[in-house]
Number of protein chains: 2
Amino acid sequence: MPQTLAPLLRKLESVAVLSEPERAAILALPVTVRQMRADHDIVRERDRPTQSCLVLDGWLCRYKILETGTRQIFSFHIAGDVPDLQSLFLNLMDHNLGSLVQSTVAFIPHDSIRALAVKFPRLAELFWRDTLIDAAIFREWIVGMGRRDAPSRIAHLLCELYLKQRAIGLARGYSCDFPITQAVLGDALGLSTVHVNRSLMELRGRGLITLEKHVLTILKWDELQGEGGFDPTYLHIEPLAVAA
Amino acid sequence: MPQTLAPLLRKLESVAVLSEPERAAILALPVTVRQMRADHDIVRERDRPTQSCLVLDGWLCRYKILETGTRQIFSFHIAGDVPDLQSLFLNLMDHNLGSLVQSTVAFIPHDSIRALAVKFPRLAELFWRDTLIDAAIFREWIVGMGRRDAPSRIAHLLCELYLKQRAIGLARGYSCDFPITQAVLGDALGLSTVHVNRSLMELRGRGLITLEKHVLTILKWDELQGEGGFDPTYLHIEPLAVAA
DNA sequence: CGGACAATTGATCTACCTCAAAATTGGTGG
DNA sequence: CCACCAATTTTGAGGTAGATCAATTGTCCG
């Protein structure tokens with residue numbers, strides 16, 4: 001399976017040009033590919049994983065379940081992401097990672113990632129950088145939950161998920177996949193399903209977006225961005241990503 | 001200034017035992033020490049820092065200002081923290097770092113941190129790990145903002161800040177410094193000052209805490225923890241920290 | 001074609017907000 | 001050491017975004 005790790009390579013190369021040995025070393029990583037059904041947990045709170053998971057296809061999310069049984073989602077992940085890279089140095093999982101839809105993932109043993117990092121410090125830097133962007137997204141998420149009302153919170157997330165997909169070539173014009181139900185959206189934004197629905201209708205009513213059959217289309221990018229107070233700086237998407 | 005970097009050393013050694021060369025290399029880092037008045041920005045959004053900042057004494061916080069002028073704080077930092085370590089690989093600041101009270105910080109050039117990381121991969125891991133914990137705290141913060149009401153959100157933060165201080169020996173019994181005004185607390189938790197005040201009174205009324213003259217005392221740890229749904233796992237504090 | 005899930009709508013309730021003022025507290029200069 | 005100012009904390013009184021509960025109406029898939 002020579003091209004299995006292509007999504008990872010593409011992501012790393014959107015930030016920096018890799019040397020041939022670096023590319024080769026990445027492609028030589030031992031992986032276990034696995035298909036997951038929708039709504040299936042990949043890693044759970046309190047687990048002590050010995051491998052991390054690269055998304056090849058599909059959508060994953062990370063979340064916690066509270067004592068009360070409510071769920072809080074704090075990230076969505078698509079091809080090229082390694083959502084639980086943090087388990088490389090934080091042995092004990094403090095949250096869950098699960099699939100939102102049917103997905104394909106590749107498991108990479110921690111040992112081989114560590115070996116890679118020691119041998120190629122620059123790759124270590126790129127992986128590290130990736131976890132830093134993860135944190136930057138969390139920060140922006142906090143800002144939204146603390147200070148934005150429901151419609152802007154939703155608008156902001158739509159902008160983010162659209163750009164994330166576009167950066168890896170998964171958008172078509174101003175459209176992209178959006179396999180997230182309103183209930184899931186509520187769990188991510190700290191809103192009730194009902195209120196998500198109403199806010200979404202407002203955005204549609206104002207002609208900013210279209211959202212049907214799990215496809216999002218942004219009709220008025222500038223206005224949607226304005227509504228969400230969205231400034232893409234925090235995603236740290238490099239010009240390289242666009243150039244490619 | 002042989003002991004300037006002691007807080008950093010103490011923090012790293014709470015996770016792993018360092019070799020003599022590693023200790024020496026850290027202590028040999030070139031630093032610029034600076035005193036800051038309260039409410040002073042150290043790094044601002046859009047800056048491109050060439051150094052990171054180690055807290056030696058005092059309290060810092062990271063925050064963003066929205067278009068509307070409101071502020072959202074997403075972290076507090078005390079001695080031993082390097083709040084803007086992420087600028088090592090994310091060149092452009094996407095938020096601000098400022099002092100909450102009079103503080104002492106040490107600036108360390110990125111170049112020398114990078115050199116240290118390449119030479120001692122294990123130190124790189126420890127720094128990396130630290131930024132991962134940063135992210136873990138953000139995740140928990142999101143859970144609180146999305147799913148906890150005001151009193152538990154506050155209770156949770158009190159637990160966190162108490163433990164953070166205790167882990168580096170800054171607590172006395174169940175008491176610790178708490179130089180955070182109710183307005184600042186509101187900016188951190190996405191609440192109005194008025195509501196922070198009322199929730200705080202409730203916690204006091206129920207005899208869980210005492211908070212006066214900028215000193216927090218936790219009277220009923222178990223109940224406060226219960227109120228906040230606080231599980232310290234996400235802080236990833238190692239047994240070593242307690243042993244020391 | 002039925003069953004399960006997802007979206008939509010209606011009605012009521014409440015946690016938290018805003019505005020406004022009063023009471024404390026802490027720091028500072030005389 | 002006291003008086004005074006500014007920043008905090010506290011209290012009161014509405015107002016509202018968003019929650020909850022409960023149906024109803026799609027929509028997709030086997």
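Rounded to whole Å, atom P of D/dT11 lies 12 Å from atom CG of B/Leu200. The CG-C1' distance, from B/Asp187 to D/dT8, rounds to 14 Å in whole Å. In this entry the distance linking CG of B/Leu185 with C1' of D/dT8 reads 13 Å, nearest Å. Protein atom CG of B/Asp39 is 17 Å distant from nucleotide atom P of D/dA6, rounded to whole Å. One atom, CE of B/Met201, and another, P of D/dT8, lie 17 Å apart when rounded to the nearest Å. Across the protein-nucleic acid pair, A/Met145 atom CE and D/dG18 atom P stand 11 Å apart, rounded to whole Å. One can place NE2 of A/His214 at 12 Å from P of D/dT27, the figure rounded to the nearest angstrom. For B/Asp149 and D/dG18, the CG to P distance is 17 Å, given to the nearest whole Å.
Looking at residues 59-67 of chain B, you'll see that no heavy atom sits under 4.0 Å from any atom of DNA chain C.
Distances shorter than 4.0 Å separate none of the side-chain N or O atoms of B/Asn197 from OP1 or OP2 on D/dT9.
For the pairing with A/Tyr162, the ring-ring contact (aromatic ring centres under 6.0 Å, His included) check across A/Phe230, A/Trp221, A/Phe76 returns one residue only, A/Trp221.
Considering all non-hydrogen atoms of both residues, A/Ser199 and A/Ala150 come closest at OG-CB, 3.4 Å.
Ring centroid separation for the pair A/Tyr63 and A/His77 does not come in under the 6.0 Å cut-off.
Nearest-nucleotide positions on DNA chain D place A/Ala150 closer to the 5' end than the other of A/Ala150 and A/Lys213.
Side-chain contact check for A/His214 and A/Asp177: no donor-acceptor pair (N or O, by modelled atom type) lies under 3.5 Å. Looking only at atom types and distance, the side chain of B/Ser175 has a donor-acceptor partner in the side chain of B/Thr217 under 3.5 Å away. In the model, B/Glu140 has no side-chain atom that pairs as donor or acceptor with a side-chain atom of A/His95 under 3.5 Å.
Salt-bridge check for B/Arg44 with B/Asp47: failed, with every basic side-chain N at 4.0 Å or more from each acidic carboxylate O. Checked for salt-bridge contact, A/Arg206 and A/Glu202 meet the test: a charged N lies under 4.0 Å from a carboxylate O.
With hydrogens and angles disregarded, no donor-acceptor distance shorter than 3.5 Å links the side chain of A/Ser99 to the backbone of A/Leu60. Remark: side-chain polar atoms of A/Asp84 are paired, donor with acceptor, to backbone N or O of A/Cys53 under 3.5 angstrom.
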Close N/O contacts between protein and nucleotides 19-22 of chain D (under 3.5 Å):
| from | atom 1 | to | atom 2 | distance (Å) |
| --- | --- | --- | --- | --- |
| D/dA19 | OP1 | A/Gly190 | O | 3.3 |
| D/dA19 | OP1 | A/Ser192 | N | 3.0 |
| D/dA19 | OP2 | A/Ser192 | N | 3.1 |
| D/dA19 | OP2 | A/Ser192 | OG | 2.8 |

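A 4.5 Å side-chain heavy-atom check between A/Leu219 and A/Leu208 finds every atom pair outside the cut-off.
The nucleotide range of DNA chain C contacted by chain B, defined by atoms under 4.0 angstrom from heavy atoms of the protein and reported 5' to 3', is C/dC16 to C/dG26.
If you check every strand for non-hydrogen atoms under 4.0 Å, A/Arg204 touches sugar and phosphate atoms only.
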